[in-house]
Amino acid sequence: MSQEVRVRFAPSPTGFVHIGSLRTALFNYLFARHHGGKNILRIEDTDQTRKVEGAVENLISSLGRLGITFDEGPETGGNHGPYYQSERLNIYREYCEQLLASGHAYYAFETQDELDEMRRLQQLEGKQTMYDRRGRDLSDDEVNEKLASDAPRVIRLKVPLGEEVRFNDLVKGNIKIDTDIVDDQILLKSDGFPTYHLANVVDDHLMNITHIIRGEEWITSVPKHILIYKALGWDVPLMAHVPLILNPDKSKLSKRQGDVAVEDYLQKGYLKEALVNFIALLGWNPGEGEEKEFFSMEELTKEFTLDKVQTSGAVFNIDKLNWMNNAYIKNYDIDKLADISMPFFKGTGIDMNDKDRVKKILSAIRVYLNKLNEIPEHVELFAATEVTIKEETLLEHLTSETSKKAFASLSEKIEALDFLTADNYKLAISEVQSETGIKGKALFKPVRIALTGSENGPELPAIAEILGKDKVIEFLKRWH
RNA sequence: GGUCCCAUCGACUAGGGGUUAGGUCGCCACUCUUUCACAGUGAAAACACGGGUUCGAAUCCCGUUGGGACCGCCA
């Protein structure tokens, strides 16, 4: 391949980053890196009504946090800018003129109401709703007259009828569509802005995009785009339409059935590595019998190819994400884990400045965490100033004679220590065992309940060390 | 409704003419651990259906069924 690979991620700045967008952005990024090409960010802000303040910054930072970066774009710049479509209006207009002049486009003057009525009728007849191409019948005089007035006008693509558009999709294979069912798509809106269809063709060409990688929902508008490329005398980039990410009921992933914003997942304490790993495996896999499931961004970059992209949609399975996230949490560098966990300790009563202690706590509980926002519920016992016994039935373990004896003995042993560690706690416990003859459940269960108020939880020696000598004695004293 | 896309365990998937159809999540059982969890072992669990082609089809072809996407002066 002599030509440099250039791909683009082209979102519209309407707010948060959708999981589906993340996947598209990821695949573009991986593809570009795999081929040593360029990854370009282009903002498709041609719909003035949907603009959201701060969306672009948010998008770049969210993607950046996950390790998805761009070689050209609004913040990085580049030789093919501007990268906001709203700043390229004159370019689109120029090509629209060209299309008009060559007879590949025409003016149309219908109002919104007229179009609505047209569609209503079509629906009534059970026909496909599409522009009925009535503007094509206007004479030159009629057009000129309208143009001279202040009537709103629009420029539409003149789709050649009775033809067949074929293209070879890199993941879907050969696709053909009859032009008779292709709409005379609006190219330039009455507000002077282009539609997506015109803008993306013009930009992809001008920005030398070699591969278009985007969601499957675009596949039905490909013929329009190809017709535009042809009308302008341009080569059509290679295309790869990746399957959708689905709700559990197999419909397109939507807010209705759970979180769809990348930010939501980050906020809940899904690690970026886990998120990227999981999303990459939704619709792609290394194939060839490879059974590995954990991939770093570097490994993904190395392995990723379009021919291993799945042809059918993939359900977003939160259970597996949780499992994977937990796996990352369990194996994460403890220092780094402590750093990124800090926000989740807020309000728990744990001193966040005492990083050593935070690390010890994390080591004790990480095995339980599917995501970082579960920290508070597991950390309660370490911050407690007194133990609350949650269930009545646990009380009898604390009030029996053997328990009292064990508590007294254990207190005494710990009292003699300078400070409590997991190791000398274990020693103390075994001394209690041999001196009092109390052992097994009869010993461990009451102690656990006395220290934590619960029958289960992390390992006792670790808990004892984190609680510290004073608290352990205090908690024990209460029962003897 | 029209057009297009898709079809292996509940989910993610490997396999792509001859396999006991493999792995992972989840579910269940057992083991380990004096708790829960983790870990380990094991089990249940799939080629949508019907026709072809072929000595042989999950695999190739056609059809049916089912699912999805799109049908906007949104992207």
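Only heavy atoms go into these numbers, but all of them, side chains included; no hydrogens, no water, no symmetry mates.
Checked against C38(B), C73(B), C5(B), the side chain of Ile186(A) finds its nearest nucleotide in C73(B). Comparing A37(B), U13(B), A69(B) against the side chain of Thr220(A) picks out A69(B) as the nearest. Closest approach to the Trp323(A) side chain among G2(B), C70(B), G26(B) is made by G26(B) (side chain taken as heavy atoms from C-beta onward). Closest to the Lys250(A) side chain, of the nucleotides A11(B), U3(B), C6(B), is A11(B). Residue Ala314(A) has its side chain nearest to C12(B) when only C12(B), C4(B), C73(B) are considered.
Residue contacts for Gly283(A): at a heavy-atom cut-off of 4.0 Å it reaches the sugar-phosphate backbone alone, with no base atom in range. Looking at heavy-atom distances under 4.0 Å, Glu44(A) makes contact with sugar-phosphate atoms alone, never a base. Residue Lys330(A) is in sugar-phosphate contact alone, with no base atom involved, counting any heavy-atom pair closer than 4.0 Å across all strands shown. Residue contacts for Val154(A): at a heavy-atom cut-off of 4.0 Å it reaches a base atom on one of the strands shown. When heavy atoms are screened at a 4.0 angstrom cut-off, Pro286(A) is found touching no nucleic acid atom at all. As judged by a 4.0 angstrom heavy-atom cut-off over every strand, Gln310(A) is placed among residues touching the sugar-phosphate backbone only. Using a 4.0 Å heavy-atom distance criterion, Lys176(A) is classed as a sugar-phosphate-only contact. At the heavy-atom level, Gln185(A) lies nowhere under 4.0 Å from the strands shown.
Distance alone, capped at 3.5 Å, is enough to place a donor-acceptor pair between the Asn200(A) side chain and the Tyr196(A) backbone.
Between the side chain of Glu459(A) and the base of U34(B), no donor-acceptor pair under 3.5 Å is found. Side-chain N/O atoms of Lys320(A) and base N/O atoms of U24(B) include a donor-acceptor pair closer than 3.5 Å. Remark: the Ser190(A) side chain and the C73(B) base include a donor-acceptor N/O pair separated by less than 3.5 Å. If you check distances only, the side chain of Tyr368(A) does reach the base of C36(B) with a donor-acceptor pair under 3.5 Å.
Between the NE2 atom of His197(A) and the P atom of G72(B) there is a distance of 10 Å, rounded to whole Å. Between Ile463(A) atom CD1 and A37(B) atom P the separation is 15 Å, expressed in whole Å. Atom OH of Tyr131(A) is separated from atom P of U3(B) by 23 Å (rounded to the nearest Å).
Atom P of U24(B) sits at a distance of 16 Å from the matching atom of C38(B), rounded to the whole Å.
Mapped onto RNA chain B by nearest heavy atom, Ile219(A) and Asn456(A) fall at different nucleotides, with Ile219(A) at the one closer to the 5' end.
Using a 30° and 60° split on the angle between ring planes, Trp284(A) and Phe295(A) fall in the perpendicular class, above 60°. Between His241(A) and Phe167(A), the angle of the ring planes goes over 60°, which puts this pair in the perpendicular group of the 30/60° scheme.
For the pair Asn285(A) and U13(B), the criterion of a side-chain N or O lying under 4.0 Å from OP1 or OP2 is not met.
More than 12 heavy atoms of other residues, nucleotides or ligands shown are found within 6.0 angstrom of CD on Glu377(A).
Classification of Arg42(A) and Glu72(A) as a salt-bridged pair fails, no side-chain N sitting under 4.0 Å from a carboxylate O.
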